[in-house]
There are 2 protein chains.
Amino acid sequence: MVMRVPQELVDLRREELRRLIRRDGFLPVAEICRRLAVSEATVRRDLVAVEANGHITRTYGGALADYNSSFASVTERSGRARPAKARIAECAVAQIPRTGTVFLDAGTTIEAVARALTHRRDLTRLVVVTNSLAAATVLGGATGVELHVLGGMFLNRQAALMGAQAIKALGDWSFDAAFLAGEGMDAAGISNSHEHIAGFQRALLPQAQRVCFCLDASKLDRATPHRVATWRQLSALITDASTSQLVAAGIRLPANKYLHA
Amino acid sequence: MVMRVPQELVDLRREELRRLIRRDGFLPVAEICRRLAVSEATVRRDLVAVEANGHITRTYGGALADYNSSFASVTERSGRARPAKARIAECAVAQIPRTGTVFLDAGTTIEAVARALTHRRDLTRLVVVTNSLAAATVLGGATGVELHVLGGMFLNRQAALMGAQAIKALGDWSFDAAFLAGEGMDAAGISNSHEHIAGFQRALLPQAQRVCFCLDASKLDRATPHRVATWRQLSALITDASTSQLVAAGIRLPANKYLHA
DNA sequence: TTTTATATGATTGGGGTCAATCATATAAAC
DNA sequence: GTTTATATGATTGACCCCAATCATATAAAA
């Protein structure tokens, strides 16, 4: 009857747990007990720990890997803040025509757009291009949507395809509209924290007639290292932030560039 | 207190259920009740119906979308046939060097290879290229693996990327080994049922030094319309079928081309 | 119209899941 | 070495999930 175990082993076991869940997509608690050879209580404790780090989502009876995907129903039910992202997504989807070619970026906000897009029933021949695995997964099989995925190097953290190949693949396309995410916005414009992402987004700008950035208010006044676009370069900002919040951050947009969600 | 409803409405509701689960990835039973406004009993009945059609996987407390992905633990636990695919996958993974560049095709068999690959701990700089969203999802974040995804049009049924762009993207690569799936094998060779897939695989053959096809015994003597490769063209067949089974189907392979799983 | 088939919701019993609590043995800190 | 902190497994009670059964109202068939 072992009662305490070195911290190191605990961490190793939790990493193992993360890998197990990632590999199988879903694991019931009892199964985890078997594989890790620990009691139910310990498994549950491990699950809350791993979930806190944001890599899995617990369900009744087990746990899911969230491959960078926010399982809407679960997270909502778990009492989290009512998602501004959902409202942003609704607003973005309203911008999308019934037919044409649009691009969807990676990131949880744009993933919400993909989700909301599946609500639309009036789509006929909408071509959606994305570099987001999550968006592709959600939109795969949606009626009225022809889905294309850009190639590229897989970035684990974003579950997105980036790099030279992705940029090269962009050259084949011309979009009616593109919906992009960002990690920070301030007076100067939109910025992102990863060079790969920023480079990709910069390469995308000239390929789209309309460029819509979708950022929730938490991104306000956050400066991240890589500049992506100035306010002049984008067609619209879709956000839940109010005008006064924007002005306080030094952002002043003409009415036709500001879409309040 | 409505007691019976037209068949048509039942079917519509079940399609709706499939879409709901697909969109959210996971839904608890209670949530489904709310959204479809039916009782728990009906939801459970619908779940078994939809699951029988193979689009979702039930879990304790809800249901998962299986985006063309076989949730190993769940399906194994549900008493299904002991997967020959797993043994094929083990055998395939043993062929993969610690470093180099390999290609993984779409299909559940190759997805099993991806899963098995995550078991390997000795990988250092293995470059994996795939056109399978499922494989990408599984391998994303695997240690020692640099993952690339080919671009292309998303085929719903296979959850794979195909078409002209995928073939074009192939041109940038040269593989040490490629692991491909097929839907039929007979005396003439390997065949597939979809033109897009067959075309893509034919384009891949010259890009790989070793071409390994992975097909389980159920594919024996099944003729599907689109020829992909003759036995001369491939480097190895990885299968659980025995030599005598192969011979009975008119397939005779040199020892170095036959890997028994 | 009459008959049959069936989709539905309610109920019930059995079992599984979960969070909280507790004693304990061992790691870590002193 | 002594003390403190903590990771573990067992237990408990409440809650939830599930399959099976049943009566019923209505669709579908005759």
Side-chain angles (χ1 to χ4, degrees), chain A residues 1-18 20-21 24-53 56-66 71 73-80, chain B residues 1-18 20-21 24-53 56-66 71 73-80:
Chain A
M1 192 200 259
V2 179
M3 279 302 167
R4 196 185 172 185
V5 120
Q7 185 74 31
E8 186 193 339
L9 290 185
V10 175
D11 292 339
L12 282 176
R13 191 188 56 222
R14 292 186 177 167
E15 272 193 49
E16 172 77 10
L17 174 60
R18 235 181 35 194
L20 283 177
I21 294 180
D24 283 357
F26 173 85
L27 276 178
V29 174
E31 181 78 10
I32 300 174
C33 294
R34 248 186 8 87
R35 300 214 194 168
L36 298 181
V38 289
S39 77
E40 235 179 67
T42 299
V43 168
R44 291 186 205 288
R45 277 187 279 253
D46 284 1
L47 284 176
V48 305
V50 176
E51 184 182 37
N53 283 11
I56 66 166
T57 303
R58 295 184 67 191
T59 74
Y60 207 94
L64 292 166
D66 36 327
F71 290 91
S73 63
V74 179
T75 48
E76 280 175 25
R77 280 169 59 85
S78 72
R80 280 275 198 76
Chain B
M1 194 199 259
V2 180
M3 280 303 167
R4 198 185 169 186
V5 120
Q7 185 75 30
E8 186 193 337
L9 291 185
V10 176
D11 293 338
L12 283 176
R13 190 188 57 222
R14 291 184 178 168
E15 273 194 48
E16 172 76 11
L17 173 60
R18 237 183 31 197
L20 282 178
I21 294 179
D24 283 357
F26 172 85
L27 275 177
V29 174
E31 181 78 8
I32 301 174
C33 293
R34 248 190 4 91
R35 299 213 195 170
L36 297 181
V38 289
S39 77
E40 238 179 65
T42 300
V43 167
R44 292 186 205 287
R45 278 187 279 252
D46 283 1
L47 284 176
V48 304
V50 176
E51 184 182 37
N53 282 13
I56 66 166
T57 303
R58 295 184 69 191
T59 74
Y60 208 93
L64 292 166
D66 37 330
F71 290 92
S73 64
V74 179
T75 48
E76 279 176 26
R77 280 168 60 84
S78 71
R80 280 274 199 76

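A note on names: the letters A, B, ... follow the listed sequences, proteins ahead of strands, and every chain is numbered from 1.
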Just how far, in rounded Å, is [atom2] of [N] from [atom1] of [X]?
X      : N       : atom1 : atom2 : result
I32(B) : dC18(D) : CD1   : P     : 10 Å
E40(B) : dG9(C)  : CD    : C1'   : 11 Å
L47(B) : dT8(C)  : CG    : P     : 13 Å
D46(B) : dC18(D) : CG    : P     : 14 Å
L9(B)  : dT6(C)  : CG    : P     : 17 Å
L36(A) : dT8(D)  : CG    : C1'   : 14 Å
L27(A) : dT17(C) : CG    : P     : 13 Å

Could you work out, with side-chain hydrogen bond (donor to acceptor under 3.5 Å, both in side chains) as the rule, every residue matching [X], not counting sequence neighbours?
X      : result
E16(A) : R19(A), R121(B)
E15(A) : none
R18(B) : none

| message | Under the rule for side-chain contact (heavy atoms from CB on, under 4.5 Å), what residues qualify as partners of R13(A), not counting sequence neighbours? | response |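 Per chain and number, R13(A) pairs via side-chain contact (heavy atoms from CB on, under 4.5 Å) with V10(A), L36(A), V38(A), T42(A), D46(A).
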| query | Hey, does F26(A) have a side-chain heavy atom less than 4.5 Å from the side chain of T59(B)? | reply |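 Yes, close enough: below the 4.5 Å cut-off.
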May I ask you to verify if any side-chain N or O of [X] is less than 4.0 angstrom from the OP1 or OP2 atom of [N]?
X      : N       : result
R13(A) : dT8(D)  : yes
R44(B) : dT8(C)  : no
R45(A) : dT21(C) : no
S39(B) : dT8(C)  : no

Please report the interatomic distance [atom1]([X]) to [atom2]([Y]), rounded to the nearest 0.5 Å.
X      : Y      : atom1 : atom2 : result
R4(B)  : L9(B)  : CZ    : CG    : 11.5 Å
I21(A) : L27(A) : CD1   : CG    : 6.0 Å
L17(A) : I32(A) : CG    : CD1   : 5.5 Å

| said: Go nucleotide by nucleotide along DNA chain C from the 5' end; which of A41(B) and A41(A) gets its closest nucleotide reached first? | reply: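 In this pair, the answer is A41(B).
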Close N/O contacts between protein and nucleotides 14-16 of chain C (under 3.5 Å):
residue : atom : partner : partner atom : Å
dG16(C) : O4'  : Y60(B)  : OH           : 3.4

Please write out each protein N/O paired with an N/O of nucleotides 27-30 of chain D under 3.5 Å, distance rounded to 0.1 Å.
residue : atom : partner : partner atom : Å
dA27(D) : N3   : R4(B)   : NH1          : 2.9

| field | Check: R58(A) main-chain N/O paired with E51(A) side-chain donor or acceptor under 3.5 Å | value |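 Checking the backbone N and O of R58(A) against the side chain of E51(A), a donor-acceptor pair under 3.5 Å is found.
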